[in-house]
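See structure below.
Residue indices begin at 1 and follow the sequence shown.
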Amino acid sequence: MASITYGSGKLFFKNPTTSQVYQVMEMTDVELSYEGSTKEYYGSRQFPILSVTGQKKVSGKAGTAFIDGRLLSVILSGTTTAGREVLNEISVTGSSATVSPTGTSFAADYGVVDAARNPMSVTSSAPAVGAYAVSTGTGAYTFNAAEPDPKAITYSYNTGSGSTFTMKNAVQGVQTGFTLFLQQRGADGELFGVKLNSVVIPGLSFAFKAEDFSVTNLDFVAQVDAAGDLGKAFTE
């Protein structure tokens, strides 16, 4: 039965090796593309005498504002460890300040701007006006006593919460395959679904914009499974 579909539907990736399932939550859009190349034989005529289909390809993309760190780790071919490094900005006054939230450790300095929002120069010690010194071991910042307040320090700290994905330079040809299941519900309640037996995710992009939600875009390409099957489509 024909049905008019509405919305972006539900999209799942399943790792057949680990049986781990990843749902792409709250999708902004999802697209499946079925393409094939053609070869035409014209001879001496203006229009083809014969057209044949050559290679075919099924690919797609999905956008979501939700980021599943577990899926990112697999896509990026990385290793996962507990804890993470976080950027932070803090406004300080006076000639000295020590930064890092309770229960964390200072990781790195990422610059200071003065009261006029001009970048300050870093120096090893005894900073002049317009400069600052920082101890990378403790997160202690030192300024010239004549430096106008406030100053804004940007730094990073290490915390035990969250996860860190270390991206590795993997050997070419190494790629995790997923089973993909996309289901869409029509305006009349009818269901339409596509299951692709094996897809790889070669592309990943993050779009960050002012006054808008950030969107993660996943690109995927289908391939046949060990039995030579691409997948299935389901209708009511």
Side-chain angles (χ1 to χ4, degrees), residues 1-41 48-81 163 165-206 215-236:
M1 176 178 178
S3 177
I4 299 175
T5 58
Y6 180 84
S8 56
K10 295 182 178 181
L11 179 63
F12 297 84
F13 292 97
K14 182 175 182 178
N15 187 328
T17 302
T18 64
S19 297
Q20 179 65 55
V21 177
Y22 311 93
Q23 181 177 2
V24 181
M25 302 290 292
E26 304 299 338
M27 290 189 296
T28 58
D29 60 282
V30 60
E31 178 182 314
L32 280 176
S33 176
Y34 180 88
E35 302 173 88
S37 63
T38 57
K39 187 69 175 180
E40 296 89 10
Y41 177 71
I49 298 171
L50 180 65
S51 297
V52 297
T53 302
Q55 297 175 341
K56 293 184 178 181
K57 176 182 179 181
V58 174
S59 60
K61 59 183 178 181
T64 177
F66 283 76
I67 299 176
D68 189 331
R70 302 168 305 165
L71 180 58
L72 290 185
S73 177
V74 178
I75 295 172
L76 297 174
S77 301
T79 57
T80 305
T81 54
S163 300
F165 313 111
T166 301
M167 291 172 279
K168 301 293 186 179
N169 190 14
V171 176
Q172 294 182 25
V174 177
Q175 185 74 49
T176 300
F178 300 91
T179 300
L180 176 149
F181 203 129
L182 170 66
Q183 182 168 284
Q184 176 64 272
R185 181 178 296 276
D188 55 4
E190 301 287 341
L191 295 175
F192 170 75
V194 174
K195 181 179 181 180
L196 298 175
N197 297 343
S198 181
V199 301
V200 295
I201 305 176
L204 177 68
S205 63
F206 301 95
V215 175
T216 303
N217 292 290
L218 304 173
D219 297 324
F220 52 87
V221 179
Q223 60 189 5
V224 297
D225 61 14
D229 295 328
L230 185 70
K232 300 175 182 178
F234 309 101
T235 61
E236 292 281 356

query = Got a second to check how far K61's NZ is from S33's OG, nearest 0.5 Å?
reply = 9.5 Å
task = Mind listing the closest non-hydrogen atom pair of S163 and T80 along with its distance?
result = CB-CG2, 4.1 Å
key: Separation between CZ of F206 and OG1 of T216, rounded to the nearest 0.5 Å   = 5.0 Å
Contacts of S205 that satisfy side-chain contact (heavy atoms from CB on, under 4.5 Å) - sequence neighbours left out = N217
request  = Starting from the C-alpha separation in whole Å, work towards a yes-or-no answer on side-chain contact (heavy atoms from CB on, under 4.5 Å) for L204 and L218.
outcome  = CA-CA 5 Å; L204 177 68; L218 304 173; 3.1 Å; yes
note = Closest heavy-atom pair, F178 versus V74, reported as atoms and distance to 0.1 Å, is CZ-CG1, 3.5 Å
key: Partner residues of V194 under the side-chain contact (heavy atoms from CB on, under 4.5 Å) criterion, sequence neighbours left out   = L32, F192, L196
Using a 3.5 Å cut-off and no angle test, enumerate the donor-acceptor pairs between side-chain atoms of residues 17-27 and protein atoms at least two apart in sequence or in another chain.
{"residue": "T18", "atom": "OG1", "partner": "Q20", "partner atom": "N", "Å": "3.3"}

message = Tell me the closest heavy-atom pair linking A62 and F220, and the distance in Å.
response = N-CE2, 4.3 Å
inquiry  = Quick check for you: to the nearest 0.5 Å, what is the distance between K14 atom NZ and F181 atom CZ?
reply    = 11.5 Å
Separation of L11 CG from Q183 CD (nearest 0.5 Å) = 11.5 Å
inquiry  = If you compare all heavy atoms of F165 against all heavy atoms of R70, which two are closest, and at what distance to 0.1 Å?
reply    = CZ-N, 4.4 Å
key: Atom of E35, atom of S59 and distance for their closest heavy-atom approach   = OE2-OG, 4.0 Å
request  = Report the distance from atom CD1 of I201 to atom CD of Q175, rounding to the nearest 0.5 Å.
outcome  = 8.0 Å
message = Just checking Y34: does its OH atom have more than 12 heavy atoms from other residues, nucleotides or ligands closer to it than 6.0 angstrom?
response = no
key: Heavy-atom closest pair, residues P202 and D219   = CD-O, 3.3 Å
request  = Let me see the working for Q223 and S198 under side-chain hydrogen bond (donor to acceptor under 3.5 Å, both in side chains), right down to the final yes or no.
outcome  = CA-CA 6 Å; Q223 60 189 5; S198 181; 3.0 Å; yes
query = Considering residues, nucleotides and ligands other than Q55, do more than 12 of their heavy atoms fall under 6.0 Å from its CD?
reply = no
query = Can you list the steps and then say if K56 with V58 is a side-chain contact (heavy atoms from CB on, under 4.5 Å)?
reply = CA-CA 7 Å; K56 293 184 178 181; V58 174; over 6 Å; no
query = Which distance, rounded to the nearest 0.5 Å, do you find between the NZ of K10 and the CG of L182?
reply = 11.5 Å
